[in-house]
Amino acid sequence: MKFELQVTDKASDARTGIITTDHGQIKTPIFMPVGTVGSVKGVHFEELKKQVMAQIILGNTYHLYLRPGLDVIRAAGGLHKFNGWDRPILTDSGGFQVFSLTGIRKLKEEGCEFRSHIDGSKHFFTPENVMDTERIIGADIMMAFDECPPGQSDYQYAKNSLMLTQRWLDRCIKRFNETEPLYGYQQSLFPIVQGCTFPDLRREAAKYIADKGADGNAIGGLAVGEPTEVMYEMIEVVNEILPKDKPRYLMGVGTPQNILEAIERGVDMFDCVMPTRNGRNAMLFTYQGTMNMRNKKWEKDFSPVDPDGCDIDLVTTKAYLHHLFKAQELLAMQIASIHNLSFYLRLVTDARHHIEQGDFVAWKNSIIDQLGRRI
């Protein structure tokens, strides 16, 4: 993987770049649709390419490991061959999913024992077998196995958790270096910065990771309950240290406002389930604000869903989409998901354009408040 840093904004840390993988290029800043089980909920890959303009998607190691299972994925020749997506893929390590299983997991030095949410069967993740699992899945970008501590953890828990994550990272790197890609193309490993909301722990984590010389680096453990301003502070703390010549990935964040604020602070890559999850619940994101398509106000509004949006926005009226949601038609969720993903990709593409133009901060400040307004 190569990262070419292109333009850095004069008034902020926002920047543009190009990530080159064996499955294609990714122009940053970029939003990556979440494809948990090898699919982006409700959206066919052809729509992701033609309407959403997605350049890279995510797969979830925990979920793919459980279903369809590694035997199936390996027999298919990797996730790209299995699901038919021929552009870059990033896989998380399953650390966040294991964190969310509090109550049915046991954390140990060796790894984490957990029970499947599907059938209750017992499993054990270690840094080594997670690297092997991500090799079998075959993503272009693999994430290191970490513990994602609760956002409100006390200092001692956060420090102990970080030390464990760092020891696990060393084991991940060792296993990664000992093994080869299985399908004839290269893979990259990104470490993850943890440390909760404690600046000294975040700095320590960022320095530890920066010294590893990885192809890129991720910031984890944010947007898990802490105040938004604290999240922005942690991003600033970390990005003062993480290498500027490597892509920075903010995991699981967030709203359009979060993304623009993080871009201003030097983040390059984003993912979040919000566009599809909120879309399935009738919430649409637009430059004018958010729309609840179940509201009666749209019942006789025959204007396009978004006159500046993708093709499906132009041929679908607000009244029709309102009707589909009221009638509980599956098509409603599909249209809303495509719209929201398309909007998120348009947002980061527009951000890229304004960084290149040299007016990113002024543009961001002119739209940031209205993005969160309810229409």
Side-chain angles (χ1 to χ4, degrees), residues 1-7 15-41 43-61 64 73-74 76-93 134-144 176 180-190 214-218 243 245-251 259 263 267-272 275-276 310-311 337-338 340-353 355-356:
M1 195 196 85
K2 296 178 182 178
F3 178 61
E4 177 190 350
L5 187 61
Q6 294 183 305
V7 178
R15 72 252 194 96
T16 68
I18 296 179
I19 299 170
T20 302
T21 75
D22 286 349
H23 281 101
Q25 290 189 331
I26 306 155
K27 294 181 178 180
T28 62
I30 190 65
F31 180 81
M32 305 178 286
V34 177
T36 302
V37 296
S39 69
V40 178
K41 283 188 185 297
V43 184
H44 193 276
F45 286 155
E46 290 306 304
E47 302 293 340
L48 279 179
K49 292 179 179 180
K50 295 176 182 176
Q51 304 226 37
V52 174
M53 309 299 287
Q55 300 173 47
I56 175 174
I57 64 171
L58 264 67
N60 184 280
T61 296
L64 290 167
I73 293 174
R74 185 160 193 168
L79 186 58
H80 289 90
K81 293 286 182 64
F82 182 61
N83 68 6
W85 177 258
D86 58 3
R87 296 180 182 181
I89 296 176
L90 180 151
T91 43
D92 62 15
S93 67
E134 293 191 78
R135 287 292 199 195
I136 292 170
I137 293 171
D140 301 87
I141 300 172
M142 302 163 43
M143 304 308 300
F176 180 81
E180 295 290 334
L182 298 176
Y183 309 115
Y185 54 84
Q186 292 301 307
Q187 295 176 280
S188 293
L189 175 64
F190 281 23
D215 288 341
N217 300 291
D245 62 345
K246 302 291 178 66
R248 300 160 174 164
Y249 164 32
L250 180 60
M251 304 180 74
I259 288 174
I263 289 174
V267 175
D268 307 295
M269 305 167 69
F270 303 87
D271 80 284
C272 190
T276 47
C310 62
D311 289 346
S337 296
I338 292 171
N340 279 348
L341 288 171
S342 175
F343 174 75
Y344 268 60
L345 265 295
R346 180 154 51 104
L347 184 72
V348 294
T349 300
D350 290 348
R352 178 184 174 87
H353 172 73
I355 295 168
E356 293 171 341

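All values reported here derive from a predicted model rather than from experimental measurement.
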Is there a donor-acceptor pair closer than 3.5 Å between any side-chain N or O of [X] and the backbone N or O of [Y]?
{"X": "Thr91", "Y": "Ala139", "result": "no"}
{"X": "Glu47", "Y": "Ile338", "result": "no"}
{"X": "Arg248", "Y": "Ala218", "result": "no"}
{"X": "Thr16", "Y": "Val7", "result": "yes"}

Run the salt bridge (charged side-chain N to carboxylate O under 4.0 Å, His left out) test against [X] and tell me which residues pass, sequence neighbours left out.
{"X": "Asp350", "answer": "none"}
{"X": "Glu4", "answer": "none"}
{"X": "Arg346", "answer": "Asp306"}

[atom1] of [X] to [atom2] of [Y]: how many Å apart, nearest 0.5 Å?
{"X": "Leu90", "Y": "Ile57", "atom1": "CG", "atom2": "CD1", "result": "10.5 Å"}
{"X": "Ile18", "Y": "Gln55", "atom1": "CD1", "atom2": "CD", "result": "9.5 Å"}
{"X": "Ile89", "Y": "Asp140", "atom1": "CD1", "atom2": "CG", "result": "7.0 Å"}
{"X": "Cys310", "Y": "Lys50", "atom1": "SG", "atom2": "NZ", "result": "13.5 Å"}

Report yes if some heavy atom in the side chain of [X] is under 4.5 Å from a heavy atom in the side chain of [Y]; otherwise report no.
{"X": "Ser39", "Y": "Asn83", "value": "no"}
{"X": "Asp215", "Y": "Leu189", "value": "no"}
{"X": "Met1", "Y": "Ile141", "value": "yes"}
{"X": "Ile137", "Y": "Leu64", "value": "yes"}
{"X": "Phe270", "Y": "Ile259", "value": "yes"}

For Lys41, the side-chain contact (heavy atoms from CB on, under 4.5 Å) test, sequence neighbours excluded, returns Arg280
Across all chains, not counting sequence neighbours, the side-chain contact (heavy atoms from CB on, under 4.5 Å) partners of Glu180 are none
Can you find a side-chain donor-acceptor pair between Ser342 and Gln51 that sits under 3.5 Å? no
Can you name the residues that form a side-chain hydrogen bond (donor to acceptor under 3.5 Å, both in side chains) with [X], not counting sequence neighbours?
{"X": "Gln25", "result": "Thr20"}
{"X": "Asn60", "result": "Asp92, Gln97"}
{"X": "Asp271", "result": "Tyr249"}
{"X": "Arg135", "result": "Thr179, Gln187"}

> So, are Lys81 and Asp86 salt-bridged, with charged N and O less than 4.0 Å apart?
Replying inline: no
*Is the closest basic N to carboxylate O distance between Arg15 and Asp268 below 4.0 Å?*
yes
Residues at least two apart in sequence or cross-chain that pass ring pair (Phe, Tyr, Trp, His ring centres under 6.0 Å) with Phe45, listed by chain then number, are Trp85
By ring pair (Phe, Tyr, Trp, His ring centres under 6.0 Å), Tyr185 pairs with (sequence neighbours left out) His23, His80
Donor-acceptor list for residues 26-37 side chains, cut-off 3.5 Å, not counting sequence neighbours:
| residue | atom | partner | partner atom | Å |
| --- | --- | --- | --- | --- |
| Thr28 | OG1 | Gly17 | N | 3.0 |
| Thr28 | OG1 | Gly17 | O | 3.2 |

